[in-house]
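Here is the structure we will look at, set down as structure tokens.
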Amino acid sequence: MREGEVGAAASRRAGDQATMIKGMIDGLEQKLGSDSHDLEGWLRLIRARSVSNEAEKARASLQLAMAIFKDEPASLQALQGLAKELELN
């Protein structure tokens, strides 16, 4: 491979990896739906969206999770702690 081909191959692999990660995050979001009581799943989704530079989607997921867990103080505390850690407030 020539130098330009190596760079193109590396870039394609990075793009493939980004697509795969996005698919995994979207799949987790679908699995959770809009009423799942899987706190760990919500925490993973919010963190993944934040790390993937999708702050608005992370905030939307946080708000939905907080509505789902509104009557569970320990769960709300975990969500609020993650929001603070990720600076989503």
Side-chain angles (χ1 to χ4, degrees):
M1 286 187 136
R2 284 179 260 164
E3 188 174 317
E5 292 172 333
V6 171
S11 177
R12 186 172 53 246
R13 282 190 294 267
D16 290 345
Q17 184 178 20
T19 300
M20 183 182 74
I21 291 169
K22 182 177 178 356
M24 291 170 59
I25 293 170
D26 290 344
L28 177 58
E29 185 173 50
Q30 283 182 335
K31 179 182 170 191
L32 290 170
S34 62
D35 64 354
S36 174
H37 273 74
D38 178 4
L39 178 61
E40 291 303 316
W42 283 106
L43 294 171
R44 280 193 310 274
L45 176 62
I46 295 162
R47 183 179 300 283
R49 289 284 189 207
S50 180
V51 170
S52 296
N53 295 316
E54 297 179 321
E56 288 307 313
K57 288 183 178 183
R59 284 186 189 93
S61 295
L62 173 65
Q63 292 304 314
L64 182 54
M66 290 184 77
I68 290 167
F69 294 101
K70 69 182 185 292
D71 297 325
E72 300 177 30
S75 297
L76 286 175
Q77 186 176 11
L79 289 162
Q80 291 166 341
L82 182 61
K84 184 176 180 178
E85 174 189 331
L86 299 175
E87 299 179 357
L88 294 175
N89 303 359

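We use all heavy atoms of the structure for the numbers below, so side chains are in, but hydrogens, waters and symmetry mates are not. Quantities reported herein were computed from a predicted structural model and do not represent experimental measurements.
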CD-CG distance between Gln63 and Leu88, expressed to the nearest 0.5 angstrom:
9.5 Å
Which residue pairs satisfy the side chain to side chain donor-acceptor pair (under 3.5 Å) criterion with at least one member in residues 76-89, sequence neighbours excluded?
Arg47-Glu85
Please enumerate all residues that pass side-chain hydrogen bond (donor to acceptor under 3.5 Å, both in side chains) together with Glu56, with sequence neighbours excluded.
Arg59
Are Leu45 and Ile21 linked, directly or through intermediate hydrophobic residues, by side-chain heavy-atom contacts shorter than 4.5 Å (ILVMFWY only)?
yes
Sequence neighbours left out, what pairs pass salt bridge (Lys or Arg N to Asp or Glu O under 4.0 Å) with at least one residue falling in residues 70-80?
none
Listed by chain and number, what are the side chain to side chain contact (heavy atoms under 4.5 Å, CB included) partners of Glu40, not counting sequence neighbours?
Asp38, Leu43, Arg44
Taking all atoms of both residues into account, what is the closest heavy-atom pair of Ser75 and Leu39, and its distance?
OG-CD2, 3.7 Å
Within this structure, what is the CZ-NE2 distance for the pair Phe69 and His37, rounded to the nearest 0.5 Å?
5.5 Å
Connected hydrophobic set around Met20, excluding itself, where side chains approach under 4.5 Å:
Met24
Answer yes or no: is there a donor N or O on one side and an acceptor on the other, between the side chain of Ser50 and the main chain of Ile46, under 3.5 Å?
no
For Lys31, what residues pass the salt bridge (charged side-chain N to carboxylate O under 4.0 Å, His left out) criterion, not counting sequence neighbours?
none
Let me see the working for Arg49 and Glu29 under salt bridge (charged side-chain N to carboxylate O under 4.0 Å, His left out), right down to the final yes or no.
CA-CA 10 Å; Arg49 289 284 189 207; Glu29 185 173 50; 2.9 Å; yes
Please report the C-alpha distance between Leu82 and Leu62 in whole Å, then the side-chain angles of each, then the deciding distance to 0.1 Å, and finally whether the side-chain contact (heavy atoms from CB on, under 4.5 Å) criterion is met.
CA-CA 9 Å; Leu82 182 61; Leu62 173 65; over 6 Å; no
Gap separating the CD1 atom of Ile68 from the CG atom of Leu32, nearest 0.5 angstrom
8.0 Å
Would you check if the side chain of Trp42 reaches a backbone N or O of Met66 as a donor-acceptor pair within less than 3.5 Å?
no
